[in-house]
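These notes concern the structure reproduced below.
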Amino acid sequence: MKRTHHCNQLRPAQIGQSVTLSGWVHSRRDLGGLIFIDIRDREGRTQTVFDPSDMAPELFQQAGLLRGECVVSVTGKVRARPAGTANPKIATGEIEIAAAALEVLNMADVLPFPVDDPEVARTVNEELRLQYRYLDLRRPEMARNLRLRSKVASATRVYFDERGFLEVETPTLFKSTPEGAREFLVPSRAQPGKFYALPQSPQQFKQILMVAGVEKYFQLARCYRDEDQRADRQLEFTQIDLEMSFIEREDIYELIEGLLRRIWKTALDIDVPAPFKRLTYQEALNRYGIDKPDTRFGLELADLTEDFRASKFKVFSGAIAAGGVVKAINAKGMADATQGQIETMTEYAKSFGAKGLAYIKVEKGEWKSPIVKFFNETEKQALSTKLKIEEGDLLLFAADQWLNACEILGKIRLYCADVLKTRGQLVLPANRFDFLWVVDFPLLTFDKEQNRWYSSHHPFTAPVAEDIPLLTTDPRKVRGQHYDIVVNGIELGGGSIRIHQPAVQKLVFEQVLQIPPDLVQARFGYMLEAFRYGAPPHGGIALGFDRLNAILCGASSIRDVIAFPKTAKGADLMTDSPAGVDPKQLRELYLEQKLPKKE
RNA sequence: GGGGGUGUAGCUCAAUUGGUUAGAGCGCUGCCCUGUCACGGCAGAGGUUACGAGUUCGAGCCUCGCCACUCCCGCCA
């Protein structure tokens with residue numbers, strides 16, 4: 001019995017037709033002398049009626065045995081529902097199928113959790129959902145996420161095709177290049193003692209493709225990073241990865257703005273305005289305390305360094321004398337925070353390395369604070385002006401080295417925004433998307449513990465041309481031609497213009513990053529060689545495809561937009577992976593196990 | 001590696017200060033019911049309180065350990 005329609009197709013126009021529907025028993029309502037069975041498929045659901053006055057007793061009896069999630073085919077005539085019994089909640093609610101035949105394609109055991117009740121299903125323990133993912137994915141919400149993701153992938157492919165990009169697949173069996181994220185290793189059977197590594201990104205291959213003359217490459221690339229996970233980070237994830245030759249940063253901005261506009265239009269029917277705002281790294285830190293600012297709300301950081309340079313309050317003036325800064329935010333309307341809440345915030349700040357969190361509550365025209373007695377009139381005036389102080393405000397301070405002070409207040413800013421959201425004092429519309437580019441990142445960051453410079457982004461990022469001479473003299477000041485795309489405080493992607501001159505690349509590896517020449521040769525020699533045979537200037541970007549879809553779906557975790565995600569410990573609860581292997585398999589790979597001792 | 005949260009019936013949740021036989025709704029089973037759509041009514045079954053120790057006259061509750069899930073810090077070139 002092949003189906004003639006799907007379960008969201010029949011309307012009054014089809015009344016009188018004989019049809020067959022196939023799907024799952026969504027719900028049954030057995031009235032004794034009359035049975036209603038709603039059949040559901042991925043498109044929707046349709047009511048069928050089993051009426052004993054109209055059919056063989058065996059058929060009616062069979063219908064009575066059906067249970068939730070049985071798979072059935074029902075054949076019958078489409079008819080209008082009797083007056084007053086239409087169901088306006090579903091699209092097929094004006095009609096029903098008068099069942100004439102029933103084929104039970106498969107029975108179903110009682111489910112471990114309901115999939116037909118969205119209220120309950122939403123709160124079901126995620127552990128259970130992951131164990132029975134095939135049931136979880138039957139839920140309309142999850143089915144919608146899968147479908148949206150597919151549409152976004154299609155729109156992406158169409159967009160890049162229109163722009164002349166080639167979709168090229170790159171290997172997932174790569175080699176280990178242990179700069180950066182920890183890698184998954186894959187032992188080679190054919191070459192004892194040697195290993196592949198799964199790529200953290202197709203970075204090197206896509207640059208080689210530019211040397212190969214592809215000019216415009218893209219891929220929905222699977223990437224692997226053996227690092228601890230988060231709500232927005234999985235061991236394996238997907239990137240919209242691309243690279244172009246003969247371009248500058250502006251070309252990437254234009255391209256990605258177009259892509260995101262296309263995706264938002266396709267997925268949400270929203271017209272995103274372009275060009276996007278741009279912020280330098282410096283400004284992002286200074287104003288928002290983070291390199292991926294959520295600009296949907298204010299609570300911006302103010303700089304008070306000059307106002308407190310000579311202050312009697314030594315915590316401030318001392319930090320400044322040590323080369324640091326004093327920064328503050330005004331948490332509007334939070335003066336009623338309890339001592340406990342302030343304590344919580346202080347502990348929170350300390351967990352990010354703050355020494356403390358000075359505050360002033362502005363209540364009943366008074367400044368209540370343990371520190372305000374140290375301030376003179378000029379200082380108070382400066383605070384008033386720069387922080388636009390009003391009744392009911394809560395001022396929070398950080399005095400530390402510039403980056404620390406900014407980052408601490410950046411975290412506190414987000415924390416305050418959450419509190420204000422919870423209280424209903426800050427409302428962010430679900431359809432608001434603040435896109436922006438963050439640019440002019442420092443090319444290098446100094447690692448105090450290892451006493452060396454490392455790449456802020458990755459070692460292939462090109463310095464801003466005029467900063468190249470500073471590479472060996474003053475690395476701190478070198479700006480990278482790196483850019484991040486941020487939306488609503490989420491880092492959606494990042495990329496850069498790459499180094500295409502082998503001499504500069506070699507200089508960065510050996511002189512700046514201090515990687516021994518033989519290691520450079522072993523790891524990147526093929527790349528340096530490739531660049532000698534005519535490498536075009538090139539650059540690219542990668543966007544987190546899972547994060548992108550989570551944003552579009554309004555999901556709080558990327559697990560909700562990945563069909564079969566892993567838990568925080570990297571387990572797949574459905575298949576029970578990872579799992580042990582047979583000793584024979586290990587022997588074939590020339591591996592021995594040395595497991596940690598349990599105490 | 002570190003910090004926080006959660007774990008009680010198939011599911012979602014209760015359970016006073018440590019005190020009687022651990023409850024409710026949904027689901028499930030049986031019976032009744034011809035216009036329901038969260039159908040309704042009656043009856044019933046269903047518990048190693050994640051697991052393991054300990055304290056106590058007595059532990060779902062307190063202590064220690066351990067496991068799983070989750071959020072965060074570190075980590076994520």
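In what follows, every chain begins at residue 1, and chains take the letters A, B, ... in the order their sequences are listed.
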> Reckon A:Ala83 touches a base, only the sugar-phosphate, or nothing at all at heavy-atom distances under 4.0 Å?
Replying inline: nothing
> Which of these, A:Arg29, A:Gln47, A:Arg28, sits in a side-chain contact (heavy atoms from CB on, under 4.5 Å) with A:Ile37?
Replying inline: A:Arg28
> Can you check the A:Phe50 CZ to B:G35 P distance for me, whole Å?
Replying inline: 18 Å
>> Counting only Watson-Crick pairs (N1-N3 plus N6-O4 or O6-N4) and G-U wobbles (N1-O2, O6-N3), all under 3.5 Å, who is the partner of B:G54?
In response: B:C62
N/O to N/O distances under 3.5 Å, protein versus nucleotides 26-28 of chain B:
from	atom 1	to	atom 2	distance (Å)
B:C28	OP1	A:Arg28	NH2	3.2

>> Mind checking if A:Arg45 touches a base, just sugar-phosphate, or nothing, with heavy atoms under 4.0 Å?
In response: sugar-phosphate
>> What's A:Arg523 touching, base or sugar-phosphate or nothing? Going by heavy atoms closer than 4.0 Å.
In response: nothing
> Taking for each residue the nucleotide of RNA chain B bearing the nearest heavy atom, is the 5' side occupied by A:Ser27 or by A:Ser53?
Replying inline: A:Ser53
>> Heavy atoms within less than 4.0 Å of RNA chain B: which residues of residues 494-516 of chain A have one? Give them sorted by number.
In response: none
>> For A:Glu510, is the CD atom crowded, meaning more than 12 foreign heavy atoms sit under 6.0 Å from it?
In response: yes
> At under 4.0 Å between heavy atoms, what does A:Leu128 touch on the DNA or RNA strands: base, sugar-phosphate, or nothing?
Replying inline: sugar-phosphate
> Which part of the nucleic acid, if any, lies within reach of A:Asn125 when heavy atoms closer than 4.0 Å are counted: base, sugar-phosphate only, or nothing?
Replying inline: sugar-phosphate
> Is it true that A:Phe446 and A:Tyr454 have ring centroids separated by less than 6.0 Å?
Replying inline: no
>> Under 4.0 Å between a side-chain nitrogen and a carboxylate oxygen: does that hold for A:Glu236 and A:Lys566?
In response: yes
> Under the 3.5 Å rule, do the base of B:U70 and the side chain of A:Glu127 count as making a donor-acceptor pair?
Replying inline: no
>> Any strand counts, and the cut-off is 3.5 Å on both contacts for Watson-Crick or G-U wobble. Which nucleotide pairs with B:U34?
In response: none
> Which base sits across from B:C67 as a Watson-Crick or G-U pair, both distances under 3.5 Å?
Replying inline: B:G7
> Reckon A:Pro82 touches a base, only the sugar-phosphate, or nothing at all at heavy-atom distances under 4.0 Å?
Replying inline: base
> Reading nucleotides 72-77 of chain B from the 5' end, what letters show protein touch, with B for base, S for backbone sugar-phosphate only, - for no heavy atom under 4.0 Å?
Replying inline: SBBBBB
>> On RNA chain B, does the nearest nucleotide to A:Arg29 precede the nearest nucleotide to A:Thr123 from the 5' side, or the other way round? Give the residue.
In response: A:Thr123
> Taking the side chain of A:Asp51 as its heavy atoms from C-beta onward, which of B:U34, B:C69, B:A38 lies nearest to it?
Replying inline: B:U34
> Under 4.0 angstrom, heavy atoms only, what part of the nucleic acid is A:Glu491 near: base, sugar-phosphate, or nothing?
Replying inline: nothing
> What is the distance from CE of A:Met574 to C1' of B:A68, rounded to the nearest Å?
Replying inline: 18 Å
> So what's B:G23 paired with, Watson-Crick or G-U wobble, going by both distances under 3.5 Å?
Replying inline: B:C13
